[in-house]
Amino acid sequence: MSNITIRDIHVINTKPASCNLTVVKVETSEPELYGLGCATFTYRYKAVTSVIEDYYRELLAGRDVADIEDLWNLMHTNSYWRNGPVINNAISGIDMALWDIKGKMAGMPLYELLGGKSREGVAVYAHADGKTKEEVLENVCRYQEDGFEYVRVQTGGYGGIPKRLHKPHNSKGGVYYSPIQYFNETVELLDYIRTKAGNEIQLIHDVHERLEPIDGVRLAKALEPYRLFFLEDLLPPEQGEWYRMVRSQTCTPLAIGELFTDFKEYDYLVRERLIDFVRCHISALGGITPAGKLSAMAEMCGIRTAWHGPMDVSPVGHAANIQLDMHIHNFGIQEWSFPDRHEVLKEMFPGMPECRKGYVYTNKKPGLGIDIDEKLAAKYPCDDSVTEWTQTRVMDGTCHCP
Ligand code: CO
């Protein structure tokens, strides 16, 4: 027993930059002691807020803050039906906050509490896009000059540039794209970038599940000569069995799992060595507790980590990513979307990890090492409009994976 208990839990929703962010604050029986966690499910933040405030607040009130493993399992099974991004994000907000509290109680940064650091800084990749392959190359070179060794490349948004698309069936709205155009442009882009930027730079590309499975196999094969660091989310989670075929055809490394909401979804992919990087959104998985188990499971099979790190992760979530990255031996790479270059985010979240010359560094403060200015957060309300970019369609108007 630590004799310190959960006094109250509340949710802070804010949109200081491009995405709705959800941060959870767990307050304890010690007046000055609290923890923060990321529960950001940017497109359904009200549902996550309800799970925390209407159910977990009462479930957890008065319980010992020390028992993270037990409380995680209690939250996981309390609704009987479990998993999914709403429940897991709610759990993550509390789970990360409890780890933050434990770190503060121990007077140690999270990476120290987990067993110490395995490295001096966390290597990150930046994202370079552009309307043309020449523009993408310019951005790649700019990152190289800034010291980045890893860059993700792409023409246009996910699925490429809709320049030849005449949208014959656009009455339903949303985002239209052509899989064949995307396929061809991507092979052309990687050929161009590898030729022009040389062999030193580590290149990454995100398919975002925009191809039919057999075309995914063909793309992984077609890109093999360009020696990618990894190819990201080649297929949707429902089509994981196809990775056996991808593996038998090509050694292009694969980073998989951005949409996974249960670390056990990785079971056969990891055991059969069908992928090279576990790439998930830690809050959608349920927080630091399951992410730690997943990284250990991956380590056993020679597979590395590549946690999701876009702008729909709150700075508290980024801090959790970086703390784990510092510790885990089989760390691979970290996606970085530069929250540290955004003035309002920096002011709202004191202690934000910082990127310098291709590496991100955390401070040495206890726990996650990050705080929130709640008054400032309240000045930036969330956006309730219906999400457009996920309404993806192919040429004949059929709904497709975003
Ligand atoms: Co992705």
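Hydrogens, waters and symmetry mates are skipped; everything else that's a heavy atom, side chains included, is used. When a ligand or atom number is given, it counts from 1 through the structure's own listing order.
Within the coordination shell of the Co ion (ligand 1), defined by N, O or S atoms under 2.8 Å, E335 is absent.
Side-chain contact annotation: Q239 with W242, donor-acceptor N/O pair under 3.5 Å present. Side-chain polar atoms of W336 and Y150 form no donor-acceptor pair below 3.5 angstrom.
Note on D206: its N/O/S atom closest to the Co ion (ligand 1) is OD2.
Considering only heavy atoms from C-beta on, H318 stays 4.5 Å or farther from M352 through its side chain.
Take the Co ion (ligand 1) as the corner point: the lines to OE2 of E232 and to OE1 of E258 open at 100°, to the nearest 10 degrees.
Using a 4.0 Å cut-off between a side-chain N of Lys or Arg and a carboxylate O of Asp or Glu, K357 and E145 do not qualify as a salt bridge.
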